[in-house]
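Just below is one structure, and these are the notes that go with it.
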Amino acid sequence: MLANRLSVLMAERQLSIKQVIDATGISRNTISNISNNPNANVATDTIDKLCNYMGIQPSDFFVYAPYQIEMAVHPCQDGYGFINGEVLHNQSATSFSYRIRLVDTLEDNSGRPLYAIPLVFVIVESNIDENVLDSVYKDVPVAFQTRIKNDLLQITMDVLQNKSFDLKTPNNKTETSLHNYLKEMTNSSTRMLIRLPWADYTKTLTLMKNGRLHFDA
């Protein structure tokens with residue numbers, strides 16, 4: 001995993017995009033893309049100019065972690081789907097797999113509900129090598145933790161687009177899709193919580209006019 005640190009370097013030096021543009025001759029589009037997208041491909045000539053201007057080495061411009069992570073949605077025999085992937089570390093590869101489980105609530109140690117949220121989904125690791133992605137998450141810098149979190153949340157949403165659950169609507173409790181569930185909600189939206197292996201994240205889930213599910217960033 002490799003990411004540029006331009007936004008951090010600029011903040012540390014209290015530099016504006018205009019100052020960097022004027023000093024380096026690099027276009028505004030290029031500087032904006034690099035500073036807003038840590039995963040952007042950066043030309044060697046651009047790296048050279050930025051490092052020269054800031055008085056740093058290329059190793060200071062980038063942050064690195066010795067992992068590559070691939071995730072995808074794969075169909076199950078029941079047609080619902082699950083998340084699986086692979087972590088590449090040096091010359092070894094470890095597979096992981098997650099299923100999404102709808103639970104009634106999450107409780108603290110005394111049995112009291114932790115959240116007053118109607119939809120709670122727990123991402124459960126289902127392979128033998130448990131906590132694979134969790135271990136990587138805890139071992140990488142914050143920039144990569146954010147990328148892993150966002151990737152897993154987005155791929156979770158890809159699964160939820162098609163999966164049916166036993167959902168309690170104002171009219172009944174039956175196995176239905178989230179699309180049908182949201183049609184009975186005010187403004188076709190509701191709060192939901194997704195529990196990843198390392199933290200809980202609350203989102204607003206909305207049924208869009210095009211029929212797709214969307215949650216806030």
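Worth knowing before you read on, the calculation uses all heavy atoms, side chains too, and leaves out hydrogens, waters and symmetry mates.
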Can you see which heavy atom on Ile148 is nearest to which on Met71, and at what distance?
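Taking Ile148 first and Met71 second, the nearest heavy atoms are O-CE, 4.3 Å.
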
So do the side chains of [X] and [Y] get within less than 4.5 Å of each other, counting heavy atoms only?
{"X": "Glu12", "Y": "Arg5", "answer": "yes"}
{"X": "Thr46", "Y": "Leu50", "answer": "yes"}
{"X": "Leu182", "Y": "Leu213", "answer": "yes"}
{"X": "Ile100", "Y": "Val122", "answer": "no"}

For [X], is the [atom1] atom crowded, meaning more than 12 foreign heavy atoms sit under 6.0 Å from it?
{"X": "Glu86", "atom1": "CD", "result": "yes"}
{"X": "Gln14", "atom1": "CD", "result": "no"}
{"X": "Arg212", "atom1": "CZ", "result": "no"}

Step by step, work out the side chain to side chain contact (heavy atoms under 4.5 Å, CB included) result for Leu205 and Met157.
CA-CA 10 Å; Leu205 183 67; Met157 179 54 63; 3.4 Å; yes

Applying a strict under-4.5 Å side-chain criterion to I, L, V, M, F, W and Y, I'd like to know whether [X] and [Y] cluster together.
{"X": "Phe144", "Y": "Leu6", "result": "no"}
{"X": "Val8", "Y": "Val140", "result": "no"}
{"X": "Leu2", "Y": "Val136", "result": "no"}

When the side chains of residues 191-201 are checked against the rest of the protein, which donor-acceptor pairs come out under 3.5 Å, sequence neighbours left out?
residue : atom : partner : partner atom : Å
Arg191  : NH1  : Lys203  : O            : 3.4
Arg191  : NH1  : Thr204  : OG1          : 2.4
Arg191  : NH2  : Thr202  : OG1          : 3.2
Arg195  : NE   : Asp200  : OD1          : 2.6
Arg195  : NE   : Asp200  : OD2          : 3.4
Arg195  : NH2  : Asp200  : OD2          : 2.9
Trp198  : NE1  : Tyr201  : OH           : 3.2
Asp200  : OD2  : Tyr115  : OH           : 2.6

Below 3.5 Å, can you tabulate the donor-acceptor pairs from side chains in residues 52-68 to any protein atom, sequence neighbours excluded?
residue : atom : partner : partner atom : Å
Asp60   : OD2  : Gln57   : N            : 3.0
Tyr67   : OH   : Asp139  : OD2          : 2.6

Quick one, Met1 with Ile69, criterion side chain to side chain contact (heavy atoms under 4.5 Å, CB included). Give me CA distance, side-chain angles, the key distance, then yes/no.
CA-CA 8 Å; Met1 303 176 77; Ile69 301 173; 4.2 Å; yes

Donor-acceptor contact below 3.5 Å, side chain Ser92 vs main chain Leu88
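Not at all, since once roles are kept as given, no pair shorter than 3.5 Å links the two residues.
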
Given 3.5 Å as the limit, does a donor-acceptor pair link the side chain of Gln19 with the main chain of Ser16, or not?
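Flag set: sc Gln19 to bb Ser16 pair under 3.5 Å.
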
Distance (rounded to the nearest 0.5 Å) between [X] [atom1] and [Y] [atom2]:
{"X": "Ile155", "Y": "Asn84", "atom1": "CD1", "atom2": "CG", "answer": "8.0 Å"}
{"X": "His89", "Y": "Ser135", "atom1": "NE2", "atom2": "OG", "answer": "11.0 Å"}
{"X": "His214", "Y": "Ser188", "atom1": "NE2", "atom2": "OG", "answer": "14.0 Å"}

Could you walk me through whether Leu160 and Phe215 pass side chain to side chain contact (heavy atoms under 4.5 Å, CB included), step by step?
CA-CA 11 Å; Leu160 296 183; Phe215 64 72; over 6 Å; no

Given Tyr98 and Leu133, is the side chain to side chain contact (heavy atoms under 4.5 Å, CB included) satisfied, shown in steps?
CA-CA 10 Å; Tyr98 289 101; Leu133 200 57; 3.2 Å; yes

Pairs under 3.5 angstrom only: tabulate donor-acceptor contacts from the side chains of residues 20-43 to other protein residues two or more places apart or in another chain.
residue : atom : partner : partner atom : Å
Asp22   : OD2  : Lys18   : NZ           : 2.8
Thr24   : OG1  : Val20   : O            : 2.6
Thr24   : OG1  : Ile26   : N            : 3.3
Ser27   : OG   : Thr30   : N            : 3.2
Ser27   : OG   : Thr30   : OG1          : 2.8
Ser32   : OG   : Arg28   : O            : 2.9
Ser35   : OG   : Ile31   : O            : 2.9
Ser35   : OG   : Ser32   : O            : 3.2
Asn36   : ND2  : Ser32   : O            : 3.0
Asn37   : OD1  : Asn39   : N            : 3.1
Asn39   : OD1  : Arg147  : NE           : 3.0
Asn39   : OD1  : Arg147  : NH2          : 2.1

